[in-house]
Amino acid sequence: MQPLITHTGRAVALRRDNIDTDQIVPGEYCKRVVKSGYADALFARWRKEPGFVLDRPEHQGATVLLAGQNFGIGSSREHAVWALKDGGFTAVVATGFGDIFRRNALNNGLVPVDQPLEVVEELMAAAERDPGFEVTVDLQALELRAAGRRWTFTAEPRARGLLLQGLDTIEVTIQRGSLIDAYESRREPWLPAIPRGSATAAAAAAAAQDPAATR
């Protein structure tokens, strides 16, 4: 994963409140077992509506989604975040997020920016007036900037630190491979264990860098 420090992109306004994860990605798409390939699933039911805002030509390529209140509520499906990422979005600006969605978003490189309703309304109005309207999300400074103005936001410190470094939780675990192997070597053989392959953490790290080597 690439480090995410600041992102500037065109914004698109989705004027709907209480958007749940089933509306973001319908359940029938959650049978897939991979983390990519969900662009067609993003808001799939709403895309059947004539003139749906995300399908309008002037909003193609937008990377910052402006939404209403309580975004990402409902089920815990991580697919909702994967679909937003595959749809080209790097950040969502809204008034309130579902707790699990917020955590899933940060773990997958999507920045949830929580702002008061009046700020979101102001940004939405600007994006609707000008399809080229850009917003900057600065994860380093914890600032949202647009049209010469700036607002602060918060992010869970550990998740923010990983995004700034371009790491996910699996990569952090792999980095600690030598500590894991050392612990396993000291573990009493009589203790219960789950059978596993013979690969060490170091070998797993090498395989992660070069998946073809394991084929």
Side-chain angles (χ1 to χ4, degrees), residues 1-4 7 9 11-49 52-54 62-117 119-120 124 137 139 142 144 153-176 180 194 196 204 208:
M1 187 163 64
Q2 294 297 314
L4 179 52
H7 173 76
V12 58
L14 180 59
R15 285 189 175 274
R16 305 196 188 199
D17 293 329
N18 304 311
I19 298 175
D20 64 38
T21 52
D22 186 62
Q23 292 166 322
I24 298 171
V25 56
E28 56 264 32
Y29 294 92
C30 297
K31 299 174 184 178
R32 303 174 185 175
V33 294
V34 293
K35 295 178 64 173
S36 60
Y38 295 92
D40 62 322
L42 181 61
F43 301 120
R45 297 193 187 111
W46 293 346
R47 287 184 182 275
K48 297 175 183 177
E49 301 174 4
F52 180 59
V53 63
L54 266 62
T63 59
V64 178
L65 180 66
L66 309 174
Q69 302 179 73
N70 304 319
F71 187 89
I73 57 176
S75 78
S76 62
R77 67 189 67 171
E78 202 167 6
H79 300 71
V81 174
W82 299 340
L84 285 161
K85 290 284 292 181
D86 281 350
F89 292 104
T90 299
V92 179
V93 182
T95 302
F97 290 90
D99 289 339
I100 297 176
F101 175 87
R102 184 194 303 269
R103 183 169 63 250
N104 286 341
L106 288 168
N107 286 341
N108 287 276
L110 179 73
V111 184
V113 181
D114 200 338
Q115 291 293 300
L117 184 58
V119 174
V120 178
M124 283 185 170
V137 175
L139 194 59
L142 291 175
L144 177 69
F153 66 95
T154 61
E156 194 278 318
R158 181 175 183 274
R160 170 175 171 261
L162 292 181
L163 284 177
L164 290 172
Q165 298 175 71
L167 298 173
D168 61 25
T169 52
I170 295 175
E171 290 168 321
V172 170
T173 301
I174 289 174
Q175 285 184 344
R176 297 173 179 171
I180 295 170
I194 297 175
R196 63 173 189 165

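- Here the closest non-hydrogen pair linking Ala41 and Pro26 is O-CD, 3.5 Å.
- Note that the CG atom of Asn70 and the CZ atom of Arg16 stand 15.5 Å from one another [nearest 0.5 Å].
- Between Tyr38 and His79, the two ring planes are perpendicular [angle over 60°; tilted spans 30° to 60°].
- Taking CG of Asp40 as the start and OH of Tyr29 as the end, the distance is 5.5 Å to the nearest 0.5 Å.
- Cation-pi geometry between Arg32 and Trp82 is not satisfied (NZ or CZ under 6.0 Å from the ring centre, within 45° of the ring normal).
- We find the CG-CG distance between Leu84 and Asn104 to be 11.5 Å, quoted to the nearest 0.5 Å.
- Put simply, the side chain of Lys85 gets close to the backbone of Gly109: a donor and an acceptor are under 3.5 Å apart.
- Using a 4.0 Å cut-off between a side-chain N of Lys or Arg and a carboxylate O of Asp or Glu, Arg77 and Asp22 qualify as a salt bridge.
- Separation of atoms CD (Glu78) and CG (Asn108) is listed at 4.5 Å; rounding is to 0.5 Å.
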With side chain to side chain contact (heavy atoms under 4.5 Å, CB included) as the criterion, how do Gln69 and Val120 come out once you've worked through the C-alpha distance, each side chain's angles and the decisive distance to 0.1 Å? CA-CA 9 Å; Gln69 302 179 73; Val120 178; over 6 Å; no
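- Contact between Pro116 and Thr95 at its shortest, heavy atoms only, is C-OG1, 3.6 Å.
- Using a 4.5 Å heavy-atom cutoff, the side chains of Leu163 and Met1 are in contact.
- Under a cut-off of 6.0 angstrom, the local environment of CD1 in Ile170 is sparse, with at most 12 non-hydrogen atoms contributed by other residues, nucleotides or ligands.
- Under the 4.5 Å side-chain criterion, counting only non-hydrogen atoms from C-beta, Thr90 is not in contact with Val137.
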Do Phe153 and Leu139 pass the side chain to side chain contact (heavy atoms under 4.5 Å, CB included) test, and can you show the C-alpha distance, the side-chain angles, and the key distance before you say yes or no? CA-CA 9 Å; Phe153 66 95; Leu139 194 59; 4.2 Å; yes
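- Between Arg45 and Gly27, the shortest heavy-atom contact is NH2-N, 4.3 Å.
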Check the pair Phe89, Val12 against side chain to side chain contact (heavy atoms under 4.5 Å, CB included), reporting the backbone distance first and the verdict last. CA-CA 10 Å; Phe89 292 104; Val12 58; 3.8 Å; yes
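- Side-chain atoms of Arg103 and Glu156, non-hydrogen and from C-beta on, never get closer than 4.5 Å to each other.
- Put simply, the side chain of Leu42 reaches to within 4.5 Å of the side chain of Ile24, judged on heavy atoms.
- Taking the side chain as every heavy atom from C-beta outward, Thr173 and Ile180 approach each other to under 4.5 Å.
- Taking the side chain as every heavy atom from C-beta outward, Asp20 and Ser75 never approach each other to under 4.5 Å.
- The number of heavy atoms from other shown groups lying within 6.0 Å of CD (Gln2) does not exceed 12.
- Counting heavy atoms from C-beta outward, Arg158 and Thr169 have side chains that approach closer than 4.5 Å.
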Steps toward side chain to side chain contact (heavy atoms under 4.5 Å, CB included) verdict (Phe101, Val81): CA-CA 7 Å; Phe101 175 87; Val81 174; 3.7 Å; yes
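- Pro112 and Leu106 make their closest contact through CD-CD2, 3.7 Å (heavy atoms, listed as atom of the first residue, atom of the second, distance).
- The distance from atom CD1 of Ile73 to atom CZ of Phe97, rounded to the nearest 0.5 Å, is 12.0 Å.
- For the atom pair Asn107 CG and Asp168 CG, the distance stands at 8.5 Å (nearest 0.5 Å).
- Using a 4.5 Å cut-off on side-chain heavy atoms (C-beta onward), Phe43 and Val53 make no contact.
- Scanning both residues, Gly74 and Thr21, for their nearest heavy atoms gives C-OG1, 4.0 Å.
- Contact between Gln23 and Asn18 at its shortest, heavy atoms only, is OE1-O, 3.4 Å.
- No donor-acceptor pair under 3.5 Å is formed between the side chain of Arg102 and the backbone N or O of Asp114.
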